[in-house]
Number of protein chains: 2
Amino acid sequence: MFERKIPKDLDCGMAMIMEIIGGKWKPCLIRNISQGHRRPSELQRLNAKASRRVLYQQLQELEEHGIIERIVYPVLPPKVEYFLTELGNSLLPVINVMDDWGTQYLKNPHKRPLLKLGA
Amino acid sequence: MFERKIPKDLDCGMAMIMEIIGGKWKPCLIRNISQGHRRPSELQRLNAKASRRVLYQQLQELEEHGIIERIVYPVLPPKVEYFLTELGNSLLPVINVMDDWGTQYLKNPHKRPLLKLGA
DNA sequence: GGGTATAGGGCTAATTTTAGCCCTATGCTA
DNA sequence: TAGCATAGGGCTAAAATTAGCCCTATACCC
């Protein structure tokens, strides 16, 4: 897979939650799923800018962290659905607080001295 | 400096706040400063595992985003202090919510199926 | 003079994260 | 038969982040 050289130390809560929601697409995925978009293909469509590969990887990690649950229906063509676990649901308020703050920030350019967004 | 190939799109609040606090040491720095540790050398001591270089970089970014303010005292040897801006202060509750959630997660291993921490 | 400490920039390398292609398999429709 | 959709793994490359060294300058102490 990939051999990590520098060990992660999830010493504080902050590091822990960053480990969980820190991926580039994870917050989006959590949101999408919470809004009823459960199937992988749907999530791909909603996050068209993300490579399919990465979405699956991040979904896997969310699953490993116990944030989402993956249900496989034994049908053909395959059908899979993701659901937020109870733990995942408990994350929603946190994400909302973060998003609210970020949205406020975006609305107040005067408080935003210089943003080098590159490219 | 570094030429970004893939443009960042800070389309939603979530992306925005991640841009601001997403650095490896940024939440720590914000906390440290909020707790009265203002001088660069102090921050280095508190985050001994981080390279000095990276700390400075992240401090710069926090400053550019308007989260902290840098005061230079014209003395020798040089003296610099960082302070949270009003905006930076408004970030503290958000960070606390995140940290609380993460701390809870750390306390409940049964809700934590498999953690591949590597190394 | 040689050591400390102060605060940082320049530059490159190591590490980690994302992205992009290939491949599997089945059943449907045109 | 060809093409689409379904859901993913394998592998490698690109991009981004973080780390690690070098350097500057001044004033103190021994």
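Residue numbers start from 1 in every chain, and the chains themselves are labelled A, B, ... in the order their sequence lines are given, proteins ahead of strands.
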* Min side-chain heavy-atom separation B:Trp25-B:Gln57 under 4.5 Å -> no
* When you check the phosphate oxygens OP1 and OP2 of C:dT15, does a side-chain N or O of A:Lys5 lie under 4.0 Å from one of them? -> yes
* Asked: Do any side-chain nitrogens or oxygens of B:Lys24 fall under 4.0 Å of OP1 or OP2 in D:dA19?
  -> yes
* Asked: Hey, are the side chains of B:Glu19 and B:His65 touching, using non-hydrogen atoms and a 4.5 Å cut-off?
  -> yes
* Do the side-chain N or O atoms of B:Ser51 get closer than 4.0 angstrom to the phosphate oxygens (OP1, OP2) of D:dC21? -> no
* To do: Scan A:Tyr82 against the nucleic acid and name what it touches under 4.0 Å (heavy atoms): base, sugar-phosphate only, or nothing.
  => sugar-phosphate
* **Which nucleotide in D:dT17, D:dT6, C:dA19 has an atom nearest any side-chain atom of A:Trp25** => C:dA19
* **Check: A:Ile20 and A:Lys26 side chains under 4.5 Å, non-hydrogen atoms** => no
* Asked: Side-chain donor or acceptor of B:Arg52 under 3.5 Å from a matching atom on the base of C:dG8?
  -> yes
* Asked: Which part of the nucleic acid does A:Gln58 contact within heavy-atom distance under 4.0 Å: base, sugar-phosphate only, or nothing?
  -> sugar-phosphate
* Asked: Can you tell me how far CH2 of A:Trp101 sits from CG of B:Leu87, rounded to the nearest 0.5 angstrom?
  -> 4.5 Å
* Any side-chain N or O of B:Ser41 under 4.0 Å from OP1/OP2 of C:dA5? -> no
* Nucleotide of C:dA19, C:dG8, C:dT16 approaching B:Pro40 most closely (side-chain heavy atoms) -> C:dG8
* To do: Report the residue (A:Gln57 or A:Pro77) whose heavy-atom-nearest nucleotide on DNA chain C is the more 5′ of the two.
  => A:Gln57
* May I ask you to say what A:Arg45 touches in the nucleic acid, namely base, sugar-phosphate or nothing, with a heavy-atom cut-off under 4.0 Å? => sugar-phosphate
* Could you tell me whether A:Gln60 contacts a base, only the sugar-phosphate backbone, or nothing, with contacts defined as non-hydrogen atoms closer than 4.0 Å? => sugar-phosphate
* Asked: Going by modelled atom types, is there a donor-acceptor pair between the base of D:dG10 and the side chain of A:Arg53 at under 3.5 Å?
  -> yes
* Reckon A:Tyr56 has a side-chain N or O less than 4.0 Å from the OP1 or OP2 of D:dG10? -> no
* Structure fact -> Out of C:dG20, D:dA19, C:dT6, minimum distance to the side chain of B:Arg39 belongs to C:dT6
* Asked: Rounded to the Å, how far apart are B:Leu55 CG and C:dA7 P?
  -> 12 Å
* To do: With heavy atoms under 4.0 Å as the rule, sort A:Val80 into base, sugar-phosphate or nothing.
  => sugar-phosphate
* How about A:Leu62 and A:Tyr82: do any of their side-chain heavy atoms sit closer than 4.5 Å? -> no
